[in-house]
Every structure is written in C-alpha cells, then in structure tokens.
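Numbered from 1 within each chain, the chains take letters A, B, ... in sequence-line order.
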Number of protein chains: 2
Amino acid sequence: MSLRIALLGLLSTSGPGSGYDLAKAFERSINYVWHAGHSQIYPELAKMAADGLVTVEAQGTRGRKTYAITDQGSEELHRWLTGHRPAPPVRSEGALLAFLLPLLDPAEAIGVLSTLEAEMTARLHELEQLRALKRSAQVPPRGGLYALDFGIRSARTGLEWIRATADDIAARATPGDAGA
Amino acid sequence: MSLRIALLGLLSTSGPGSGYDLAKAFERSINYVWHAGHSQIYPELAKMAADGLVTVEAQGTRGRKTYAITDQGSEELHRWLTGHRPAPPVRSEGALLAFLLPLLDPAEAIGVLSTLEAEMTARLHELEQLRALKRSAQVPPRGGLYALDFGIRSARTGLEWIRATADDIAARATPGDAGA
DNA sequence: CGCCCCATGTAATAAGTTACATGATTTT
DNA sequence: AAAATCATGTAACTTATTACATGGGGCG
C-alpha cells in the first residue's frame with residue numbers, strides 16, 4: 001500500500017513522469033524515507049493505472065509511458081494522509097541487535113557498538129550535508145526538509161543510545177574499577 | 001533472516017521451548033523490537049531444524065515439539081551479532097508521512113500531527129511503564145532494558161519532531177501574525 | 001457431553017529482492 | 001561501429017499477512 005502512496009506523492013509534487021523518472025526520483029529524493037527499485041515500480045504503476053489512480057498521459061519513443069495522477073489518485077492520497085493508521089508492527093534490526101546485545105561478552109558488545117557508532121556518525125553527516133544543500137538550493141517542496149529533519153533527529157538519538165549503552169556495559173564489566 | 005535470529009536469541013536467553021512458547025515470548029518480550037505471528041514461527045522452526053540450528057529436544061502430547069538451540073545455532077547467532085551488516089533499506093511509514101505532509105493544507109497537516117502526537121504520547125507512557133515494571137521485577141536479561149531504552153528514546157524524539165514540525169507549519173501559515 | 005482454550009499447522013495472497021532479458025538512443 | 005546508458009519489463013525466490021482448519025484436554 002505504502003508504495004502506491006509514495007508514487008502518488010511523487011506524481012503529485014513533481015508532476016507526471018515515467019516509471020524510469022519515478023525510479024530516479026526515488027533514488028534522489030524519497031529514498032531515505034521509503035525505498036523501492038524499478039522492478040517493483042513498473043508493475044505497481046500498471047496496477048495503479050488499472051485501478052484508475054493514474055493515467056497514461058503520453059506514450060513516448062520506445063515503450064516510454066508518462067503517468068499522471070488522476071483525481072481518484074489524489075483522493076486516495078489525501079485519504080491516506082489524513083486517515084489515521086494504526087501503528088505498523090515494529091520490525092527493526094537495530095532494536096533487535098539492542099535486545100540481543102547482552103548475549104555477547106562485554107568486550108565484544110562494545111566492539112559492535114563502536115562499529116555502529118562509526119556508521120551512524122557517517123549517516124548523520126550525510127543527512128546534515130544533504131540538508132545544507134537543500135536549504136541553499138531553496139527547493140520549494142518542504143516535505144523533503146521535514147523528512148530530513150526526522151532522519152537527522154533519529155540518527156542523533158541512535159548515537160546517544162549507542163554511547164549510553166556502551167558506557168553502561170563498560171561500567172558493569174568493571175564495577176567500581178579503573179583498569180581494562 | 002532476522003526472524004531466525006530473533007528465535008535463536010529467545011531460545012538462547014530463555015532456554016528451550018515449543019513454537020507456542022516462542023510465539024508467546026514474542027508477544028511478551030520481543031514484540032516491540034521484532035514482530036512475528038505463529039503462522040510465521042512454526043514453519044521457520046521446521047526449516048531451522050532442517051538446517052541444524054535447532055533440534056527437537058522432546059515431543060510432548062499432541063504434536064508439541066520442544067526446540068533447543070544447537071551449537072551451530074549459537075554460532076550463527078554470534079556471527080550475526082558481531083558481523084556488521086550494511087544498513088537495511090529504509091521503509092518508514094512515519095517518515096513517508098513526514099515527506100508528504102506539505103501536500104495537505106496547514107490546518108489539515110496540524111490536525112494529522114496532533115493525532116500522531118496523542119498516539120506517540122500513549123506509546124511513550126506504555127514503554128515507560130514497561131520499563132518501570134522490568135526494573136522493579138529485576139529480570140536479569142538486560143537486553144530487554146537496552147531495547148526498551150532505545151524505544152523510549154525513539155518515541156521521545158518522534159514527539160519532539162511532531163511538535164517542532166507543527167510549530168513550523170503554524171508559523172508559516174500565519175507569518176508574523178497572532179490570530180488563528 | 002459440550003464448551004472453551006491450548007496448540008499446531010496449512011493455504012492463499014501480498015510485498016519485496018535479486019537476477020535476468022531486451023532493445024533504443026546517445027556519445028565517442 | 002562500439003560502448004555507455006536510457007528505459008522497460010519479467011521471473012524466481014523470500015518474507016510477511018490473513019484466514020482457514022484441526023484436534024486435544026480440562027472443566028462445568
């Protein structure tokens with residue numbers, strides 16, 4: 001369902017486009033929010049056309065089809081955005097790792113956390129640069145900015161958790177002690 | 001893959017159990033970290049037994065099988081925990097909503113955010129109570145606590161984002177203005 | 001004996017991933 | 001003309017969801 005919404009959202013903000021365009025748009029703009037590859041996008045667009053949510057606005061050279069959102073598609077999108085969803089079931093690899101971390105001995109656990117810390121730091125920098133770029137480019141759709149902001153806050157929180165957890169594990173491993 | 005890991009983790013922390021036990025354990029302990037229903041658990045356990053990660057330790061009345069983790073299973077679990085994974089592709093309904101929020105007019109967007117705020121607040125309270133309970137019960141596996149801590153931090157961050165975004169939208173809707 | 005909960009499973013469908021296949025256009 | 005890349009699609013497989021099916025065991 002959400003893939004449809006993402007596609008409708010892109011068609012709505014950026015105007016009509018082909019499957020290829022949408023796949024590119026995914027990579028560029030919405031990828032850190034919802035990921036999909038072209039092999040998922042093409043069939044989904046076909047189904048959406050069959051359901052009347054989009055129309056084939058134009059047929060270009062080699063099978064290129066330009067899709068545009070229909071009124072029905074806009075309604076569907078609006079309904080999804082305003083209708084409140086029950087929280088989707090949680091399925092987070094990071095949290096699973098957190099849960100199972102104490103199965104490792106302290107040194108190993110801290111090693112894992114420090115790898116994670118490096119990755120998370122890199123991701124945070126990446127997102128912050130992206131935001132700086134977007135701000136200066138003054139690209140009007142603010143959606144990207146709100147979502148980026150969300151990503152940046154999440155990354156910062158992740159880092160804080162990593163550090164706090166590593167500290168806790170270290171403290172427990174050497175209680176009231178100073179050596180390694 | 002991660003379902004296997006979750007199951008191996010539970011067998012490793014809580015000892016042998018049947019499919020039913022594990023399904024219960026999922027609901028009780030690991031559910032806010034990784035969700036799975038019994039219809040996914042039973043077949044997966046069978047495959048894991050075929051792969052030598054678990055063994056059927058005992059057969060009880062009516063087809064009840066008690067599974068136990070094998071050495072090979074422990075190794076697999078250990079490998080997953082220490083081997084560093086590339087970040088899985090992002091797919092977050094919340095972030096997608098954030099991305100598409102500006103498609104709504106300001107009043108609608110703020111309405112959506114306030115619904116979200118209520119839900120997120122409820123979730124936060126729930127997790128905080130769970131943590132209080134776990135702390136007082138002094139249940140030894142710390143994993144639950146680290147994961148809970150992660151969940152609580154994430155919920156708090158979510159709330160902050162919701163409030164900041166609502167404020168931003170409100171400020172833009174009535175620039176330099178005081179009325180509604 | 002009938003009802004309810006325990007307990008295990010299968011089937012059908014949906015969603016997502018990875019790999020394969022194909023041909024047109026632009027660039028060098 | 002060859003190479004790169006644009007552009008569209010399909011196939012096979014894995015993972016997850018929802019619904020259906022079945023039967024034992026305890027209890028009133």
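Both His38(A) and Met1(A) lie close to DNA chain C; mapped to their nearest nucleotides by heavy-atom distance, the more 5′-ward contact belongs to Met1(A). When each of Gly19(B) and Arg91(B) is assigned the nucleotide of DNA chain C bearing its nearest heavy atom, the one mapping closer to the 5' terminus is Gly19(B).
Relative to the side chain of Leu3(B), the nucleotides dT8(D), dA16(D), dT10(C) differ in distance, and dA16(D) lies closest. Comparing dG9(D), dT8(C), dA15(C) by their closest approach to the side chain of Ser18(B) singles out dT8(C). The nucleotide whose nearest atom lies closest to any side-chain atom of Tyr20(A) is, among dA7(C), dA16(D), dT8(D), dT8(D). Of the candidate nucleotides dT17(C), dG9(D), dG16(C), dT17(C) has the atom nearest to the side chain of Pro89(B).
What separates CG of Leu22(B) from P of dC6(C) is a distance of 17 Å, to the nearest Å. Between Lys47(B) atom NZ and dT14(D) atom P there is a gap of 8 Å when expressed in whole angstrom units. The distance between atom OH of Tyr42(A) and atom P of dG16(C), rounded to the nearest whole Å, is 18 Å. Straight-line distance from the CD atom of Glu44(A) to the P atom of dA14(C): 11 Å, rounded to whole Å. Atom-to-atom, CH2 of Trp34(B) to P of dT15(D) comes out at 10 Å; the value is rounded to the nearest Å.
Results of the side chain to side chain contact (heavy atoms under 4.5 Å, CB included) test with Leu100(B) over Leu96(B), Leu104(B), Leu97(B) single out Leu96(B) as the only residue that passes.
We find that Asp51(B) and Lys47(B) are not joined by a salt bridge, their nearest charged nitrogen and carboxylate oxygen being 4.0 Å or further apart. Salt-bridge formation is not detected for the pair Arg123(B)/Glu128(B): no Lys NZ or Arg NE/NH1/NH2 atom is positioned less than 4.0 Å from an Asp or Glu carboxylate oxygen.
An OP1 or OP2 oxygen of dA7(C) is reached within less than 4.0 angstrom by no side-chain nitrogen or oxygen of Lys65(B).
Note that Arg85(B) lies in the cation-pi zone of Trp80(B), set by a 6.0 Å cut-off to the ring centre and a 45° limit from the axis.
A donor-acceptor contact under 3.5 Å links the side chain of Ser39(A) to the base of dT18(C). For His35(A) against dG16(C), a side-chain-to-base donor-acceptor contact under 3.5 Å is absent.
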